Amino acid sequence: MINRDLIRIKVVQLTYAYYQNGDRNLDKAEKELLFSLSKAYSLYNYLLSLIVSITQEERRRIEILTNRAKREGNELPSQRFVNNKFALQLEENKQLHLYMEAQQLKWEDDIEAVRKLCDQIEQSVIYQEYMASEADDYETDRELWRRLYRTLIQENADLDTVLEDKSLYWNDDKEIVDTFVLKTIKRFEAENKADQELLPEFKDIEDREFATKLFRSTILNADTYQRYMSQTSRNWDFSRLAYMDVVIMQIAIAEMLTFPNIPISVTINEYVDLAKLYSTPRSGAYINGMLDSIARYLVDKGTMLKKLPGPRQHR
């Protein structure tokens, strides 16, 4: 689940914090990096389990309504939503159950947030259309939850507040973790039953090593990388740069030099996008030009053995 986009974001955040907090303990900072990545995986599981908790709350509501209807001789409420095939499969998922139990995570601690989401779901057009539909297949049930998640969970200020109160990391992580949850919903297949695989924390050992190697290379070779910046721009003036720009370029150079299989153009594009996200409005264009010049300088010197990208493009 933790892909290189998320790793780059975390390395930018942790490198900036490393220089700002004055501690300069590399081992401690590396542990913080890995911990922050593990918290993103916790959020992934917690958001998946939110679907289960909503289903369980709705089941409780249906039980109350059913008992009342029986006492009063009224029509029994529909069980359609609580018998949603995808939600039931997720509720039985072995991997999710084991993870939540091991981490001692449960939505019962935030039951009011769950109940508020239930209210929003019941009032939504998506829910009402589903309840009125005659379609009774797994794909319809899975699609319901994909639409509900995108509409009511993906961007939900109240939910964001709840998550931020539980972990300082989660507010920053939710946007990208939401994409992993939606990907997981789409990947579910009825025949896999309770053994459906969730996304792993890291795709492979290489991605875990990518995080630590990128971070360590950035810090340990800082002076060298900043010298490359200076040699590439004779009129370099650190005082006129946003500090985050220096950090982002330092990490980008580390990636270009440490990982021979990552094309230069990929690295430049990734860190230009991060500059737009974390630095000033002008940073993206500036860093695009600077990283292109630095890459050409390193290739010309023979320091980096990679194919140069085409003519510089402004992003």
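Side-chain atoms are counted along with the backbone in the values below, which use heavy atoms only and exclude waters and symmetry mates. What you see is a predicted model, and the numbers here were worked out from it, not measured in a lab.
- Residues A40 and V177 approach most closely at O-CG2, 3.8 Å, considering heavy atoms.
- T280 meets the side-chain contact (heavy atoms from CB on, under 4.5 Å) test with A242, R282, S283; sequence neighbours excluded.
- Environment of NZ in K301: crowded, with over 12 heavy atoms of neighbouring residues, nucleotides or ligands closer than 6.0 Å.
- Minimum interatomic distance between I121 and Y127 (heavy atoms only, all atoms of both residues): O-CB, 2.9 Å.
- Closest of all the heavy-atom pairs between S53 and V114 is O-CG1, 3.7 Å.
- In the model, Q250 has a side-chain atom that pairs as donor or acceptor with a side-chain atom of Q226 under 3.5 Å.
- M244 has its side chain within reach of Y16: a pair of non-hydrogen atoms, C-beta onward, lies under 4.5 Å apart.
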Begin with the C-alpha distance, continue with both residues' side-chain angles, and end with the deciding distance and a verdict on side chain to side chain contact (heavy atoms under 4.5 Å, CB included) for L34 and R208. CA-CA 9 Å; L34 293 174; R208 181 184 171 89; 3.7 Å; yes
I would like to know whether I54 and W107 meet side chain to side chain contact (heavy atoms under 4.5 Å, CB included); could you show each step before the answer? CA-CA 9 Å; I54 289 170; W107 277 98; over 6 Å; no
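- For the ring pair (Phe, Tyr, Trp, His ring centres under 6.0 Å) test, residues two or more places apart in sequence or in another chain that qualify with F35 are Y169.
- In this structure, the side-chain contact (heavy atoms from CB on, under 4.5 Å) partners of D141, at least two apart in sequence or on a different chain, are N84, K85, Y130.
- Residues Y99 and S42 bring a donor and an acceptor atom of their side chains to less than 3.5 Å of each other.
- D165 has its side chain out of reach of W170: every pair of non-hydrogen atoms, C-beta onward, lies at least 4.5 Å apart.
- Here the NZ atom belonging to K183 is positioned 12.5 Å from the CG atom belonging to L198, to the nearest 0.5 angstrom.
- Counting all heavy atoms, side chain and backbone alike, I51 lies closest to A87 at CG2-CB, 4.4 Å.
- Separating the CG atom in L90 from the CZ atom in R142 is a distance of 12.5 Å, to the nearest 0.5 Å.
- The minimum heavy-atom distance linking I287 with I248 is given by the pair CD1-CG2, 4.1 Å.
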E189/Q196 under side chain to side chain contact (heavy atoms under 4.5 Å, CB included): CA gap, chis, key distance, verdict: CA-CA 7 Å; E189 297 292 344; Q196 172 73 47; 4.2 Å; yes
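- Atom NZ of K166 is surrounded by more than 12 heavy atoms from other residues, nucleotides or ligands within 6.0 Å.
- Here the side chains of I264 and K307 are not in contact, with every heavy-atom distance at 4.5 Å or above.
- Dense packing is recorded around CD of Q20, with more than 12 heavy atoms of other residues, nucleotides or ligands lying under 6.0 Å away.
- When all heavy atoms of V299 and L308 are compared, the closest pair comes out as CG2-CD2, 3.7 Å.
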Throw together a table of side-chain donor-acceptor distances under 3.5 angstrom for residues 3-10, partners on residues two or more places apart or in other chains.
residue	atom	partner	partner atom	Å
N3	OD1	D5	N	3.3
N3	OD1	L6	N	3.0
R4	NE	D207	OD1	2.8
R4	NH2	D207	OD1	3.3
R8	NE	E255	OE1	2.9
R8	NE	E255	OE2	3.4
R8	NH2	E255	OE2	3.0
K10	NZ	D173	OD1	2.6
K10	NZ	D173	OD2	3.2

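- Evaluation of the ring pair (Phe, Tyr, Trp, His ring centres under 6.0 Å) rule for Y44 yields Y41 as partners, not counting sequence neighbours.
- The side-chain contact (heavy atoms from CB on, under 4.5 Å) test applied to E155 returns no partner, not counting sequence neighbours.
- Within 6.0 Å of the CD atom in E206, the count of heavy atoms belonging to other residues, nucleotides or ligands does not exceed 12.
- Within the structure, salt bridge (Lys or Arg N to Asp or Glu O under 4.0 Å) contacts touching residues 52-70 (residues at least two apart or in different chains) are E57-R60, E57-R61, E57-R115, R59-E91, R61-D119, R61-E122.
- Note: Y19 and Y243 have perpendicular aromatic rings, judged against thresholds of 30 and 60 degrees for the angle between ring planes.
- When side chains are defined from C-beta on, Q154 counts as touching L182, because their heavy atoms get closer than 4.5 Å.
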Walk me through whether N156 and Q120 qualify under side chain to side chain contact (heavy atoms under 4.5 Å, CB included). CA-CA 11 Å; N156 186 312; Q120 293 170 344; 3.3 Å; yes
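- The 12-atom threshold is not exceeded at CG of L168, counting heavy atoms of other residues, nucleotides or ligands nearer than 6.0 Å.
- Looking only at atom types and distance, the side chain of E30 has no donor-acceptor partner in the side chain of Y18 under 3.5 Å away.
- With sequence neighbours left out, the ring pair (Phe, Tyr, Trp, His ring centres under 6.0 Å) criterion links Y138 to no other residue.
- Taken from CD1 in I185 to CZ in R147, the straight-line distance is 13.0 Å, to the nearest 0.5 Å.
- In this structure, CG in L117 is found 5.5 Å from CG in L50, a value given to the nearest 0.5 Å.
- Taking CD from E129 and OG from S124, the interatomic distance works out to 8.5 Å, rounded to the nearest 0.5 Å.
- Applying the ring pair (Phe, Tyr, Trp, His ring centres under 6.0 Å) test to pairs two or more places apart or on separate chains, those with a residue in residues 180-206 are F86-F188.
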Run D27 and R216 through salt bridge (charged side-chain N to carboxylate O under 4.0 Å, His left out) and show every step you take. CA-CA 9 Å; D27 289 337; R216 280 194 166 267; 2.5 Å; yes
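- Within the model, atoms CE of M256 and OH of Y228 stand 10.5 Å from one another, a figure rounded to the nearest 0.5 Å.
- Both L277 and V12 sit in one connected hydrophobic cluster of ILVMFWY residues. Membership requires side-chain heavy atoms under 4.5 Å apart, directly or through other members.
- Annotation: side-chain contact (heavy atoms from CB on, under 4.5 Å) contacts of R227 (sequence neighbours excluded): T224, Q231.
- Comment: D300 does not engage R296 in a salt bridge, judged by the lack of any side-chain N to carboxylate O separation of less than 4.0 angstrom.
- Cluster annotation: L214 is connected to L220 through the hydrophobic network of ILVMFWY side chains, with a link wherever side-chain heavy atoms come within less than 4.5 Å.
- Within a 6.0 Å radius of CD in Q103, more than 12 heavy atoms belonging to other residues, nucleotides or ligands are found.
- Side-chain contact check for E201 versus M1: every heavy-atom pair is 4.5 Å or farther apart.
- Take F215 and apply the ring pair (Phe, Tyr, Trp, His ring centres under 6.0 Å) test, not counting sequence neighbours, and it matches no residue.
- Side-chain N/O atoms of S217 and Y225 include a donor and acceptor closer than 3.5 Å.
- Counting non-hydrogen atoms of other residues, nucleotides and ligands closer than 6.0 Å to CG of D223 gives a total of 12 or fewer.
- Listed by first then second residue, pairs satisfying side-chain hydrogen bond (donor to acceptor under 3.5 Å, both in side chains) with a partner in residues 73-82 read E72-N74, not counting sequence neighbours.
- Under the 3.5 Å distance criterion, with hydrogens and angles disregarded, a donor-acceptor pair is assigned to the side chains of Y46 and D110.
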